[in-house]
J.: 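Take this structure first; my questions come after.
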Amino acid sequence: MTQANANNKMVIKLVVIVFGMFGFGFALVPLYDVFCDVTGINGKTENTAAVYESIEIDESREITVEFITRTNTGMPWEFRAQTSRMKVHPGELNTVSFYVRNPASSNMMAQAIPSVSPGMAALYLNKTECFCFNQQPLNAGAEAYMPMQFYVDPQLPEDISYFTVQYTLFDVTARASDMKTKPNPYMVPQPESGK
């Protein structure tokens with residue numbers, strides 16, 4: 001074998017390795033999502049409403065749920081949970097409310113992204129209603145009280161007695177196409193002038 005042939009084989013091997021690494025890089029995100037779904041460690045919650053069926057409430061257990069809010073960098077809205085912490089019984093339907101205010105001089109659209117810690121608890125948090133399911137438009141200077149209705153599945157592992165639900169609010173105004181056609185159903189009515 002000549003030196004030229006050996007060099008050509010080495011170049012082919014290196015090109016295959018580079019393409020393999022590039023392909024593996026693209027596959028990492030879907031593989032990570034599958035891994036997190038299987039193990040339940042990602043803290044992601046469902047993006048659709050759960051249906052609450054009358055189930056037996058486990059009054060022998062008390063779970064503490066903490067609600068944390070934050071806004072993404074550059075998001076000017078005021079955003080906070082009306083209830084920062086509550087004790088619930090598995091199977092019990094609960095409602096909490098979140099306050100938002102748009103102090104900006106222009107109408108904006110926001111999207112709240114939830115996460116749960118520890119991640120395993122996300123599998124047992126069932127939201128029957130949540131402002132996070134949809135983008136939330138808010139006029140300049142307006143405010144809203146947005147509900148989240150949920151229950152904790154009684155199958156929640158016994159070693160989990162406390163978990164945190166965090167909502168991060170993102171500005172999606174630039175990507176929103178229907179901002180003017182869908183009013184926010186949670187918006188606090190503005191008083192008429194002179195009242």
Side-chain angles (χ1 to χ4, degrees), residues 36 40-73 75-104 108-139 141-173 176 182-190:
C36 289
I41 62 170
N42 63 358
K44 290 181 184 176
T45 63
E46 289 294 322
N47 291 329
T48 57
V51 176
Y52 180 75
E53 296 176 6
S54 185
I55 56 177
E56 188 174 334
I57 297 172
D58 184 356
E59 294 187 8
S60 67
R61 288 181 70 191
E62 200 170 64
I63 311 298
T64 302
V65 183
E66 182 178 24
F67 299 96
I68 298 174
T69 58
R70 69 181 207 93
T71 55
N72 192 43
T73 305
M75 179 61 161
W77 287 17
E78 184 180 339
F79 179 42
R80 68 177 178 269
Q82 293 296 101
T83 304
S84 60
R85 182 178 294 158
M86 69 188 308
K87 294 185 182 297
V88 303
H89 298 291
E92 174 183 52
L93 192 60
N94 304 278
T95 303
V96 291
S97 184
F98 293 80
Y99 171 81
V100 289
R101 186 177 72 83
N102 178 4
M108 293 180 71
M109 181 81 75
Q111 177 71 54
I113 305 296
S115 64
V116 178
S117 179
M120 181 63 75
L123 300 172
Y124 303 93
L125 176 66
N126 298 292
K127 296 174 291 185
T128 60
E129 179 182 349
C130 186
F131 61 95
C132 63
F133 294 151
N134 301 301
Q135 294 177 345
Q136 300 297 325
L138 204 57
N139 295 339
E143 58 186 4
Y145 291 90
M146 306 180 300
M148 174 204 172
Q149 195 169 50
F150 72 98
Y151 68 96
V152 176
D153 191 307
Q155 300 299 315
L156 178 75
E158 292 285 338
D159 62 330
I160 300 177
S161 61
Y162 182 98
F163 64 86
T164 302
V165 179
Q166 176 177 299
Y167 283 99
T168 304
L169 202 61
F170 291 87
D171 178 4
V172 294
T173 307
K182 292 184 178 178
N184 189 320
Y186 309 120
M187 194 178 313
V188 175
Q190 296 293 321

J.: Taking atom CZ of R85 and atom OG1 of T64, what is their separation to the nearest 0.5 Å?
T.: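 With rounding to 0.5 Å, CZ (R85) is 7.0 Å from OG1 (T64).
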
J.: Evaluate the criterion side chain to side chain contact (heavy atoms under 4.5 Å, CB included) for residue pair V96 and M86; output intermediate values, then yes/no.
T.: CA-CA 9 Å; V96 291; M86 69 188 308; 3.3 Å; yes

J.: Minimum heavy-atom separation for T173 to D171, with atom names?
T.: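 Result for this residue pair: OG1-OD1, 2.6 Å.
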
J.: Begin with the C-alpha distance, continue with both residues' side-chain angles, and end with the deciding distance and a verdict on side chain to side chain contact (heavy atoms under 4.5 Å, CB included) for T69 and L169.
T.: CA-CA 8 Å; T69 58; L169 202 61; over 6 Å; no

J.: OG1/T128 to CE/M148 distance, rounded to the nearest 0.5 angstrom?
T.: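 With rounding to 0.5 Å, OG1 (T128) is 8.5 Å from CE (M148).
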
J.: Could you tell me whether a side-chain N or O of Q111 sits under 3.5 Å from a main-chain N or O of C132, the two making a donor and an acceptor?
T.: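 Yes.
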
J.: Going by atom types only, do Y162 and E66 share a side-chain donor-acceptor pair under 3.5 Å?
T.: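 Per modelled atom types, Y162 and E66 side chains form a pair under 3.5 Å.
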
J.: For F150 and F67, take the angle between the two ring planes, folded into 0 to 90°, and tell me which bin it lands in: parallel under 30, tilted 30 to 60, perpendicular over 60.
T.: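 If you compare the ring of F150 with that of F67, the planes turn out perpendicular.
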
J.: Mind listing the closest non-hydrogen atom pair of M109 and P137 along with its distance?
T.: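 Scanning both residues completely, I find the closest heavy atoms to be SD-N, 3.5 Å.
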
J.: Would you compute the distance between atom CD of E92 and atom NZ of K87 and round it to the nearest 0.5 angstrom?
T.: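 If we round to the nearest 0.5 Å, E92:CD and K87:NZ are 12.5 Å apart.
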
J.: So, N102 side chain and L138 main chain: donor-acceptor pair closer than 3.5 Å or not?
T.: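 Confirmed, N102 side chain pairs with L138 backbone.
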
J.: Closest approach of M108 and A104, non-hydrogen atoms and distance?
T.: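 Scanning both residues completely, I find the closest heavy atoms to be SD-CB, 3.9 Å.
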
J.: Roughly how far, to the nearest 0.5 Å, is the CZ atom of F163 from the CG atom of L125?
T.: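 Answer rounded to 0.5 Å: 5.0 Å.
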
J.: Using side chain to side chain donor-acceptor pair (under 3.5 Å) as the criterion, point out the one residue from Q82, E143, E78 that pairs with Y99.
T.: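 Of the listed residues Q82, E143, E78, the side chain to side chain donor-acceptor pair (under 3.5 Å) partner of Y99 is E143.
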
J.: Please step through side chain to side chain contact (heavy atoms under 4.5 Å, CB included) for the pair I68 and Y167, ending with a clear verdict.
T.: CA-CA 6 Å; I68 298 174; Y167 283 99; over 6 Å; no

J.: So, Y124 versus Q155: side-chain donor-acceptor pair below 3.5 Å or not?
T.: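 Result is no, nothing qualifies.
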
J.: Quick one: closest heavy-atom pair of R70 and F79, and the distance?
T.: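 R70 and F79 have their closest heavy atoms at O-CD2, 3.6 Å.
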
J.: Over 60° means perpendicular and under 30° means parallel, so tell me whether F98 and F131 are parallel, tilted or perpendicular.
T.: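 Plane angle between 30° and 60°, so tilted.
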
J.: Atom CD1 of I63 and atom CG of D58: how far apart are they, to the nearest 0.5 Å?
T.: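 Separation between the atoms: 8.0 Å.
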
J.: When you measure from the side chain of T168 to the backbone N and O of T71, does any donor-acceptor pair fall under 3.5 Å?
T.: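 Checked: no pair found.
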
J.: Enter the distance from Q166:CD to I113:CD1 here, rounded to the nearest 0.5 Å.
T.: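 Between Q166 CD and I113 CD1, I get 11.5 Å after rounding to 0.5 Å.
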
J.: Between V172 and A110, what is the shortest heavy-atom contact and its length?
T.: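 What the structure gives for the nearest pair is CG2-C, 3.8 Å.
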
J.: Can a donor-acceptor pair be found, under 3.5 Å and without considering hydrogens, that links the side chain of H89 to the backbone of R61?
T.: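 It does hold such a pair.
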
J.: Considering residues at least two apart in sequence or located in another chain, which fulfil the side chain to side chain donor-acceptor pair (under 3.5 Å) criterion with T73?
T.: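 For T73 there are no side chain to side chain donor-acceptor pair (under 3.5 Å) partners, ignoring immediate neighbours.
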
